[in-house]
Amino acid sequence: MQGTPRPPADPARALSAMDRLIAAHLIGRQELARRLGLSATDLTCFGFVLEAGDDLLTAGDLAARAHVTTGAVTGILNRLERAGYVARRPDPKDRRRVRVAALPDAATRVAGVHSGHYERLTELFADYTPAELATLTDWFTRATALAHDHLERLTRTDSPGKSNT
């Protein structure tokens, strides 16, 4: 399979393209959340619940993934529960904890608003060779790890103006 010819690129162009992608997705996520009656953070947390599937997350798991406090995640879960997206289930191994499950129709509601975008992205990926997709996947995975590391550094340092590099 022959890949599509690519425009010239260098790290500065790649960073600029990445920044535009992130901005477009942030704005899109806010609009998606608005249409679903959620905040962007609530929608992100619901995405983590969906991603976990049958391996239900605890509130602590969700707080860690979203980089929020357990107190904040309680508010998020309250809103998601009221809006009909999740249910809390007792942890069978530890009665002090609860697990979070997506309600059956909730994923369908989100997919109804969001699936067209993912279908178009899947079509876009079809323009890339398997080797290019492997490179993209590697880059996304490694860039995500760097972003998480940077976020951890930021959250460890709460003094304004202190370097977090």
Side-chain angles (χ1 to χ4, degrees), residues 9-103 106-107 109-111 113-114 117-118 121 125 132-165:
D10 56 40
R13 287 181 184 155
L15 283 171
S16 178
M18 179 192 70
D19 284 344
R20 288 190 308 274
L21 172 67
I22 290 169
H25 275 267
L26 284 171
I27 293 165
R29 179 151 298 254
Q30 289 171 340
E31 178 58 21
L32 175 63
R34 185 192 67 75
R35 289 174 183 240
L36 293 167
L38 301 171
S39 73
T41 300
D42 295 351
L43 179 59
T44 297
C45 287
F46 181 64
F48 291 138
V49 171
L50 288 176
E51 182 181 58
D54 292 334
D55 188 19
L56 303 182
L57 300 175
T58 66
D61 295 333
L62 194 54
R65 288 183 189 195
H67 295 273
V68 299
T69 65
T70 53
V73 92
T74 297
I76 291 166
L77 290 174
N78 288 343
R79 290 189 298 275
L80 287 171
E81 199 167 38
R82 274 194 309 270
Y85 286 88
V86 301
R88 293 176 180 143
R89 304 237 164 87
D91 187 319
K93 296 178 183 168
D94 183 347
R95 291 182 177 217
R96 296 168 294 174
R97 293 192 312 183
V98 295
R99 299 260 175 194
V100 183
L103 293 177
R109 280 190 278 164
V110 173
V113 179
H114 203 45
H117 179 58
Y118 272 70
L121 286 173
F125 282 135
E132 289 173 323
L133 286 174
T135 299
L136 286 169
T137 301
D138 175 63
W139 192 89
F140 288 142
T141 303
R142 292 170 61 195
T144 300
L146 288 173
H148 283 293
D149 181 62
H150 182 67
L151 183 55
E152 288 297 324
R153 290 171 190 242
L154 289 173
T155 57
R156 283 195 305 262
T157 308
D158 56 14
S159 300
K162 191 167 182 183
S163 176
N164 294 311
T165 55

Using 0.5 Å steps for rounding, measure from the OG1 atom of Thr141 to the CG atom of Leu146.
11.0 Å
The complete set of salt bridge (Lys or Arg N to Asp or Glu O under 4.0 Å) pairs with one or both residues in residues 11-22, sequence neighbours excluded, reads none
For Arg109, check salt bridge (Lys or Arg N to Asp or Glu O under 4.0 Å) against everything at least two apart and list the hits.
Asp105
Do Arg65 and Asp61 meet the salt-bridge criterion of a basic N to acidic O distance under 4.0 Å?
no
Quick note, side-chain hydrogen bond (donor to acceptor under 3.5 Å, both in side chains) partners involving residues 68-77, not counting sequence neighbours, are none
Non-neighbouring partners of Glu31 that pass salt bridge (Lys or Arg N to Asp or Glu O under 4.0 Å), sequence neighbours left out
Arg34, Arg35
Could you tell me whether the side chain of Arg99 and the main chain of Leu56 form a donor-acceptor pair under 3.5 Å?
yes
Output all residues satisfying ring-ring contact (aromatic ring centres under 6.0 Å, His included) with His67, sequence neighbours left out; order by chain, then residue number.
His148
So, taking the atom named OG1 in Thr144 and the one named CG in Leu151, what distance separates them when rounded to the nearest 0.5 Å?
12.0 Å
Would you please test Tyr85 and Leu38 for side-chain contact (heavy atoms from CB on, under 4.5 Å) and show each step?
CA-CA 10 Å; Tyr85 286 88; Leu38 301 171; 3.8 Å; yes
Who are the salt bridge (Lys or Arg N to Asp or Glu O under 4.0 Å) partners of Arg96, not counting sequence neighbours?
Asp94
Taken in chain and number order and not counting sequence neighbours, the residues that satisfy side-chain hydrogen bond (donor to acceptor under 3.5 Å, both in side chains) with Asp10 are none
What residues form a ring-ring contact (aromatic ring centres under 6.0 Å, His included) with Phe140, not counting sequence neighbours?
none
Restricting to non-hydrogen atoms, name the atom on Leu77 and the atom on Ala59 that form the minimum distance, rounded to 0.1 Å.
CD1-CB, 4.0 Å
Kindly give the heavy-atom pair with the smallest separation between Gly84 and Leu103, and that separation in Å.
O-CD1, 3.3 Å
Which residues pass the side-chain contact (heavy atoms from CB on, under 4.5 Å) test with Ala40, sequence neighbours left out?
Arg29, Gln30
Measure the spacing between CG of Leu32 and CD1 of Ile27 and express it to the nearest 0.5 Å.
13.5 Å
Identify, with sequence neighbours excluded, every residue that meets side-chain hydrogen bond (donor to acceptor under 3.5 Å, both in side chains) alongside Thr137.
none
All side-chain hydrogen bond (donor to acceptor under 3.5 Å, both in side chains) counterparts of Asp138, not counting sequence neighbours:
Arg142
Stepwise side-chain contact (heavy atoms from CB on, under 4.5 Å) test for Glu132 and Thr135
CA-CA 5 Å; Glu132 289 173 323; Thr135 299; 5.5 Å; no
Pairing residues for Leu50 by the side-chain contact (heavy atoms from CB on, under 4.5 Å) criterion, not counting sequence neighbours:
Phe46, Ala102, Ala107
Testing the basics here: between Cys45 and Leu80, what is the closest heavy-atom pair and its distance to 0.1 Å?
CB-CD1, 4.4 Å
